[in-house]
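Heads up: the structure comes next, in structure tokens.
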There are 2 protein chains.
Amino acid sequence: MDQLHLDNQLCFPLYALSRQMTALYRPYLEKLELTYPQYLVMLLLWEHEKLSVKEIGCELWLDSGTLTPLLKRMEETGLVDRLRCTEDERIVHVQLTKEGKLLQKKAVGIPDNIFSELSISNVQLKSLKKELSAILNKLEKK
Amino acid sequence: MDQLHLDNQLCFPLYALSRQMTALYRPYLEKLELTYPQYLVMLLLWEHEKLSVKEIGCELWLDSGTLTPLLKRMEETGLVDRLRCTEDERIVHVQLTKEGKLLQKKAVGIPDNIFSELSISNVQLKSLKKELSAILNKLEKK
DNA sequence: TTGTATTTCATTGTGCACAATCTAATTTCG
DNA sequence: CGAAATTAGATTGTGCACAATGAAATACAA
């Protein structure tokens with residue numbers, strides 16, 4: 001029954017570390033009044049002028065049941081606008097408000113701060129990221 | 001602003017892969033009527049006759065706000081007993097019922113099934129687990 | 001011993017995640 | 001064209017996570 005020991009599970013450190021990493025981000029994100037998933041949406045929208053809910057979900061591996069209420073909260077706090085597409089009314093486009101765009105300035109330092117708290121080498125960080133991404137991309141999206 | 005690109009974040013693949021991994025477990029765990037965090041509690045209790053809520057939280061990095069309702073649900077489904085300690089009434093001990101112990105037989109095959117779905121080498125799996133655990137253990141528990 | 005601090009768990013409230021279901025819009029195909 | 005299938009989001013319900021607070025029991029110090 002060795003496989004059933006917690007120590008022998010890959011998934012557990014993945015699960016635990018993922019939560020602890022978002023806990024590392026939390027104090028920084030609180031200053032911007034963002035949660036970690038909201039921060040991920042902001043990262044996407046700082047890169048792309050306009051994205052549909054579908055596109056955001058595709059990037060973040062999240063479905064509308066998660067994104068719809070999350071984006072509504074972000075709309076309420078004035079970070080994004082949600083616009084029903086006129087050509088295809090099934091689609092909702094999301095884009096940053098002026099305030100949302102300005103928030104980028106306050107977020108610039110976050111990755112460096114997190115990195116320094118981790119105290120691992122840049123090389124190791126990148127190889128780890130690569131390994132995790134490789135596994136992730138092998139898992140089929142339903 | 002390169003650091004603010006989704007692709008350059010370590011935390012994102014960690015977050016996304018963690019969720020996708022629990023999604024891999026889901027079909028197997030549904031047959032046992034367990035969620036992934038409940039499965040982690042079962043792993044601990046299959047190894048240890050009796051654990052306090054505190055000890056479970058310490059192992060899984062979860063607090064009572066998460067564990068209390070989770071353990072109550074597991075008590076309702078008949079997997080565990082929750083017993084207030086008589087020597088120190090602040091403590092609640094958790095232990096498996098007969099049914100809970102028997103469930104181990106049905107769970108034995110799960111890790112191998114997950115492993116085969118991942119299609120990565122055993123060596124890579126172990127080194128990855130080790131790296132993640134190392135980072136995790138460097139992060140201070142509050 | 002008595003007041004204070006600490007420990008352990010429970011409770012409340014908010015925000016994800018995600019399955020299941022629904023609605024409306026669009027596409028496809030006979 | 002018109003019915004059936006597909007697609008994009010929204011809704012509902014359940015179960016985590018976790019901050020903040022509270023309550024009760026124990027430890028500890030003066």
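Keep in mind that the numbers below use all heavy atoms, side chains included, and drop hydrogens, waters and symmetry copies. Reminder, nothing fancy here: chain letters follow the sequence lines and each chain counts from 1. Because the structure is predicted, anything quoted here is derived from the model rather than measured.
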To the nearest angstrom, how far is [X] atom [atom1] from [N] atom [atom2]?
X      : N       : atom1 : atom2 : result
Y25(A) : dC16(C) : OH    : P     : 17 Å
E30(B) : dG15(D) : CD    : P     : 12 Å
M74(A) : dG15(C) : CE    : C1'   : 13 Å
M21(A) : dA17(D) : CE    : P     : 17 Å
E33(A) : dC16(C) : CD    : P     : 13 Å
R26(A) : dA19(D) : CZ    : C1'   : 8 Å
D63(A) : dT7(D)  : CG    : P     : 16 Å
L51(A) : dG9(D)  : CG    : C1'   : 16 Å

Short side-chain N/O contact from [X] to OP1 or OP2 of [N], under 4.0 Å:
X      : N       : value
T35(B) : dC16(D) : yes
K72(B) : dG15(D) : no
T66(A) : dA17(C) : no

Same apolar cluster: F115(A) and L17(A), side chain cutoff 4.5 Å: yes

Distance-minimising heavy-atom pair for L136(B) and A16(A): CD2-CB, 3.7 Å

Check against side chain to side chain contact (heavy atoms under 4.5 Å, CB included), V80(B) and Q95(B): CA-CA 5 Å; V80(B) 303; Q95(B) 57 183 31; over 6 Å; no

R82(A)/E75(A) ion pair, N-O < 4.0 Å: yes

Side-chain H-bond candidate by donor/acceptor type, Y28(A) with E117(A), under 3.5 Å: yes

Contacting residues from residues 80-94 of chain B, given that a heavy atom lies under 4.0 angstrom of DNA chain D: E87(B), D88(B), E89(B), R90(B)

Where the side chain of [X] is concerned, which of [options] is the nearest nucleotide?
X      : options                   : value
Y15(A) : dT11(D), dA17(D), dA17(C) : dA17(D)
R73(A) : dA17(D), dC18(C), dG15(C) : dG15(C)
S64(B) : dC16(D), dC18(C), dC9(C)  : dC9(C)

Geometric class of the W46(A)/Y39(A) ring pair [parallel <30°, tilted 30-60°, perpendicular >60°]: perpendicular

Pairwise 5' ranking along DNA chain D for L67(A) and R19(A), keeping only the more 5' one: L67(A)

Sugar-phosphate, base or nothing in reach of T22(B), heavy atoms under 4.0 Å: nothing

Residue list, side chain to side chain contact (heavy atoms under 4.5 Å, CB included) with S52(B), at least two apart or on another chain: K54(B), E55(B), I91(B), H93(B)

